Amino acid sequence: AQSVTQLGSHVSVSEGALVLLRCNYSSSVPPYLFWYVQYPNQGLQLLLKYTSAATLVKGINGFEAEFKKSETSFHLTKPSAHMSDAAEYFCAVSEKTGNQFYFGTGTSLTVIP
Amino acid sequence: DVKVTQSSRYLVKRTGEKVFLECVQDMDHENMFWYRQDPGLGLRLIYFSYDVKMKEKGDIPEGYSVSREKKERFSLILESASTNQTSMYLCASSFGRNSNQPQHFGDGTRLSIL
């Protein structure tokens, strides 16, 4: 089974600073990769996905992520944090066979004014 | 937009009760999933279904069962609720058999077992 590691369960950034949330996966075969955001008391909302096309993927709300096969990583970035970005972020992978997702344990992002 | 609706946002039940959590999706998705979410543990898959009347165990099926009698509806059943089943439960659905399709989530049911 896949393993997904999100380094840093809590990340704090100042408003306007770069956001970097890390995600590494374990598969030797590149899977499909997703980032989700969860606001308080809500379900998960898709931010972006990588499905074997361009390695740099742009998503909603100014977020983007870069797939790096050599590093088995799919880190999420945003150039300038906004207060509304404060939320929990989950990385997920899906193997190319089957529909099961494997989620990381999440990173809680705090934005300091 | 895909709409996944969970019947209750908050639910309080007592130990030993049989509990039903309902989930309905409006996009004719083949696949439906039930997860529980606990702090520090992320999302853990309980059960999933690829088609009507089909079900597959996920990573933590013990103490749970599911029912999918209609394509749009996927029910999670706690046969005899216990306090360690207090959690946030999330339902999701996705399209087709291709694993590059994202899962779409409901808003969750926060279940407390007293």
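Note that the structure is a prediction, hence the values are computed from the model and not measured.
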Asks: Under 4.5 Å between side-chain heavy atoms, counting indirect links through other Ile/Leu/Val/Met/Phe/Trp/Tyr residues: same cluster for B:Leu45 and B:Val66 or not?
Replies: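 B:Leu45 and B:Val66: separate clusters.
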
Asks: Heavy-atom distances under 4.5 Å only: say whether B:Asp59 touches chain A with side chain, backbone, both or neither.
Replies: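 It is the side chain, since no backbone atom gets that close.
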
Asks: Centre-to-centre under 6.0 Å for B:Phe33 and A:Phe101, is that the case here?
Replies: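 No, they do not, as the ring centres are separated by 6.0 Å or more.
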
Asks: Between B:Tyr10 and chain A, with a heavy-atom cut-off of 4.5 Å, which part of the residue counts as in contact: side chain, backbone, both or neither?
Replies: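 Looking at B:Tyr10, just its side chain touches chain A.
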
Asks: I'd like to know if B:Leu21 and B:Ile60 are part of one continuous hydrophobic network [Ile/Leu/Val/Met/Phe/Trp/Tyr, side-chain heavy atoms within less than 4.5 Å].
Replies: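 Yes, B:Ile60 connects to B:Leu21 through the hydrophobic network.
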
Asks: Measuring heavy-atom distances to chain A, does B:Asn100 have an atom under 4.5 Å in its side chain, in its backbone, in both, or in neither?
Replies: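 Both backbone and side chain of B:Asn100 come within 4.5 Å of chain A.
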
Asks: Which answer fits B:Gln6, side chain, backbone, both or neither, if we ask what part of it has an atom under 4.5 Å from a heavy atom of chain A?
Replies: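 Interface part for B:Gln6: neither.
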
Asks: Taking side chain as everything from C-beta outward and backbone as N, CA, C, O, which of these in A:Tyr36 sits under 4.5 Å from a heavy atom of chain B? Side chain, backbone, both or neither.
Replies: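 Just its side chain gets close to chain B.
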
Asks: Counting heavy atoms not belonging to B:Arg9, are there more than 12 under 6.0 Å from its CZ?
Replies: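 Yes - once you tally the heavy atoms of other residues, nucleotides and ligands closer than 6.0 Å, there are more than 12.
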
Asks: Check whether B:Leu114 and B:Met88 end up in the same hydrophobic cluster, where Ile, Leu, Val, Met, Phe, Trp and Tyr are linked by side-chain heavy atoms less than 4.5 Å apart.
Replies: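 No: no chain of side-chain contacts under 4.5 Å links B:Leu114 to B:Met88.
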
Asks: With a 3.5 Å cut-off and no angle check, do the side chains of B:Glu56 and A:Gln100 form a donor-acceptor pair?
Replies: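 The criterion, which ignores hydrogens and geometry beyond distance, is not satisfied for A:Gln100 and B:Glu56.
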
Asks: Side chain of A:Tyr32, backbone of B:Pro102: donor and acceptor closer than 3.5 Å?
Replies: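 No; zero donor-acceptor contacts below 3.5 Å.
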
Asks: Do B:Leu43 and A:Leu44 have side-chain heavy atoms sitting under 4.5 Å apart?
Replies: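 Yes, their side chains come closer than 4.5 Å.
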
Asks: How many angstroms lie between OG1 in A:Thr105 and CZ in B:Arg44, if you round to the nearest 0.5 Å?
Replies: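 Going from the OG1 atom of A:Thr105 to the CZ atom of B:Arg44 covers 12.0 Å.
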
Asks: Is the gap between the ring centers of B:Tyr35 and A:Phe103 under 6.0 Å?
Replies: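 Yes - the distance between ring centres of B:Tyr35 and A:Phe103 falls below the 6.0 Å cut-off.
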
Asks: Check step by step if side-chain contact (heavy atoms from CB on, under 4.5 Å) holds for B:Gln37 and A:Gln38.
Replies: CA-CA 12 Å; B:Gln37 181 181 12; A:Gln38 184 181 34; 2.8 Å; yes

Asks: Can you hop from B:Val24 to B:Leu90 via hydrophobic side chains spaced under 4.5 Å?
Replies: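 Different clusters.
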
Asks: Out of curiosity, does A:Leu48 fall in the hydrophobic cluster containing A:Tyr39 (side-chain heavy atoms, cut-off under 4.5 Å, transitive links)?
Replies: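 Yes, because A:Tyr39 and A:Leu48 connect within a single hydrophobic cluster, where side-chain heavy atoms sit under 4.5 Å apart.
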
Asks: Do A:Thr51 and B:Gln101 come within less than 4.5 Å of each other through their side chains, counting heavy atoms only?
Replies: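 A:Thr51 does not reach B:Gln101 side chain to side chain.
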
